[in-house]
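Working notes for the structure below.
Residue numbers count from 1 along this sequence.
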Amino acid sequence: MSMPATNTSTLKGTSTVLNGLARKLVQDGLLDEGTAQEAYEKAESKKIPLVRYLVENNILDSISIANAASQEFGIPLFDINAMDLEQCVHNLVDQKLIQKHSVLPLYKRGNRLYVAVSDPTNLQALDEIKFNVGANAEPILVEDDKLCKIIEKIMEENDTTMDDLGDADLDDLDITGGDMNDRDTDTDEPDIDDTPIVRFVNKVLLDAINKGASDLHFEPYEFEYRVRFRMDGILKEMSSPPIALANKISARIKVMSQLDISERRVPQDGRMKMRLSKNRSIDFRVSTCPTLFGEKIVMRILDSASAKMGIDALGYEEDQKQLYLEALHKPYGMILVTGPTGSGKTVSLYTGLNILNTEDRNISTAEDPAEINLPGVNQVNINLKAGLTFPKVLKAFLRQDPDIIMVGEIRDKETGDIAIKAAQTGHMVLSTLHTNDAPQTLTRMVNMGVEPFNIASAVTLIIAQRLGRRLCSHCKQLAELPNEVLLSEGFKEDEVDTIQVYKAIGCDQCNEGYKGRVGIYQVMPISEEMGRIIMTGGNSIELAEQASKENICNLHQSGLKKVKQGILSLEELNRVITV
């Protein structure tokens, strides 16, 4: 696509030569000559495009300017909102150029790079992009306001860069490191103290906290290095620092976590704390893993405040909440929370511990490792290298006059037997297992070798859970779905005519139509009939049938309730729960 010649004729009665777009706007009657001349001069003095000045000052709307520019320069007008931004090649061009000229590279064909512009007269922008990329830059005309919003969104998503960090006080963040083994490390390597690296890593950590991320992934590849955040359960790329900095970044993180920076051949686990204020600090659990092209580092953000949100914030239905509270306040028994990694089991357990955490109770936990620090609770980290296993810690707890014991995970028969013995001898025990739903938890323990009669007598409640992305309240819209679809999803016939199902849209207040997450639960108390099924060798199918007879909702049914409440979309429910 070639740039048309610019008409440079002078309009009578003006003291400034108006050409190109300004001249066309006057000719079409969109501006009078005086206004056009004044706008042209002020845009020049402010060093911004004429189009930007006209739109920002509400002199003309962007669509009128775009139509006039399309006619004047013979460039088709394109709706940039119809572009799939995931396919956009903006990373090919220096972000400074994109911000400087308000242009956006869209796609590349051979030696031609097609660039969205709102001011086709900005030949300097196309020339600089051509020099930067080494390809011919061809303009595609778009509306200025839409272009600005998309550029702003892209810049926000990629604001974790090595540049322009000087304004933030990133050097003096209070970060202390330490893992459960208190390794001695050599932190005298000079490269890791480079100020830009320190600021970059600190900026990434702060961005992750501010964006509500749960995990950070630092990933080296052969020709690139990327940083991703897991937000609302979905990984999203946030930054691409130069691959040459990979070793420095990993060394910096390892020093902060008191890991051995000279050891790159085996995985390491560490921990560090970032103090944000006198009253709030954030813990990071750090894991390194050697890959083909360097060390991948994953950091889990552990916010103690999440355990103090209160049970009402977790998403339990009212009857489910009451069942959990009743089980917590029994003098003894076992509560099991089950679900895959990242389903919120730890938060559910610690919310229960926080409710029980009073002066008159002795609470002890054994975890691998402890994820949330809770004052008033005696927390022990498992240390396999030192021989400190779950069974050893549990045996020690039973000699420590406990009231409540939490076991991070029941992994084997010995741990299960000791935990059940504690529940049978007057203690409240809380723990987790990795199973798909509540009925499968009981059969999983039987398969471990735990005696069925012990399970039936000790386990009082099982909670299976998942986390789903919560619909954004600002932009969610009603989804028009046929009754047949609603029935196939599990809704009842008497519901489909009145039910309101919402879908995700996306706005500047959320992340692709979702904001935050909510728990989906199956809360199953162990009744006498369920105990009988366990002791007679029944399987998870029989237990699920009995749970249904007792009106206990399974995970999918609980999710449908949240769909009806406008909290979840059907798409999100089907993503996290497979029927």
Side-chain angles (χ1 to χ4, degrees), residues 1-83 88 90 93 97-109 112-133 135-152 154:
M1 186 183 296
S2 59
M3 176 64 71
T6 304
N7 190 330
T8 58
S9 60
T10 305
L11 291 175
K12 294 180 180 180
T14 65
S15 57
T16 301
V17 175
L18 294 178
N19 55 27
L21 183 57
R23 179 178 181 277
K24 178 64 176 175
L25 295 174
V26 174
Q27 285 181 339
D28 289 353
L30 296 172
L31 291 178
D32 60 60
E33 294 179 11
T35 302
Q37 178 180 323
E38 182 182 0
Y40 186 89
E41 292 173 348
K42 288 189 174 180
E44 283 283 310
S45 66
K46 292 177 178 291
K47 296 182 179 180
I48 62 174
L50 173 63
V51 176
R52 180 66 40 75
Y53 180 84
L54 293 173
V55 173
E56 287 183 350
N57 290 277
N58 297 317
I59 298 173
L60 278 179
D61 58 76
S62 60
I63 186 62
S64 299
I65 299 173
N67 284 325
S70 177
Q71 295 177 27
E72 175 68 11
F73 298 105
I75 303 176
L77 179 60
F78 176 69
D79 183 4
I80 196 170
N81 284 345
M83 178 77 182
C88 178
H90 60 86
V93 176
L97 284 181
I98 294 176
Q99 291 179 299
K100 175 183 176 182
H101 295 295
S102 292
V103 295
L104 185 65
L106 297 179
Y107 59 93
K108 189 179 182 184
R109 295 289 184 272
R112 294 179 181 271
L113 180 65
Y114 293 89
V115 183
V117 301
S118 60
D119 183 3
T121 64
N122 190 357
L123 299 178
Q124 181 186 355
L126 299 177
D127 288 340
E128 290 187 19
I129 289 175
K130 177 180 178 180
F131 179 79
N132 182 254
V133 180
N136 293 323
E138 300 287 351
I140 294 179
L141 189 62
V142 299
E143 297 165 57
D144 185 74
D145 55 350
K146 292 181 179 180
L147 177 61
C148 288
K149 287 181 181 179
I150 288 176
I151 291 176
E152 182 180 353
I154 289 175

**Q.** Exercise: do S62 and D144 side chains pair donor with acceptor under 3.5 Å
**A.**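 There is no such pair between these side chains.
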Q) Is the number of heavy atoms from other residues, nucleotides or ligands within 6.0 Å of NZ (K130) greater than 12? A)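 Count not over threshold, so no.
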Heavy-atom pair of closest approach, residues [X] and [Y]:
X    : Y    : answer
Y40  : A22  : CD1-CB, 4.4 Å
I151 : S102 : CD1-C, 3.7 Å
P120 : L141 : CG-CD1, 3.6 Å
T35  : L31  : CG2-CD2, 4.0 Å
L106 : A116 : CD1-CB, 3.9 Å
L104 : L147 : CB-CD1, 3.9 Å

Atom pair [atom1] ([X]) and [atom2] ([Y]), whose distance is rounded to the nearest 0.5 Å:
X    : Y    : atom1 : atom2 : value
D145 : I150 : CG    : CD1   : 10.0 Å
N81  : E143 : CG    : CD    : 8.0 Å
K42  : L54  : NZ    : CG    : 12.0 Å
D32  : L25  : CG    : CG    : 11.5 Å
E41  : L50  : CD    : CG    : 11.5 Å
I129 : I98  : CD1   : CD1   : 7.5 Å

Q: Evaluate the side chain to side chain contact (heavy atoms under 4.5 Å, CB included) criterion for residues L97 and V103: first the C-alpha distance (whole Å), next the side-chain angles of each, then the deciding distance (0.1 Å), finally the verdict.
A: CA-CA 8 Å; L97 284 181; V103 295; 6.0 Å; no
Q: Indicate yes or no for a side-chain donor-acceptor contact from N57 to the backbone of I59 under 3.5 Å, with no hydrogens or angles considered.
A: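 Answer holds: no.
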Q) Donor-acceptor pair, S118 side chain versus V142 backbone, under 3.5 Å? A)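 Such a contact is absent between S118 side chain and V142 backbone.
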Q. If you measure from the Lys or Arg side-chain nitrogens to the Asp or Glu carboxylate oxygens, is any gap between R52 and D119 under 4.0 Å?
A.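 Not counted as a salt bridge, because no side-chain N and carboxylate O are separated by less than 4.0 Å.
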Q | Side chain proximity check, Q37 to E33, heavy atoms < 4.5 angstrom | A |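 Side-chain contact under 4.5 Å: no.
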Q. Taking side chain as C-beta onward, heavy atoms only, is L30 less than 4.5 Å from I65?
A.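 Not in contact.
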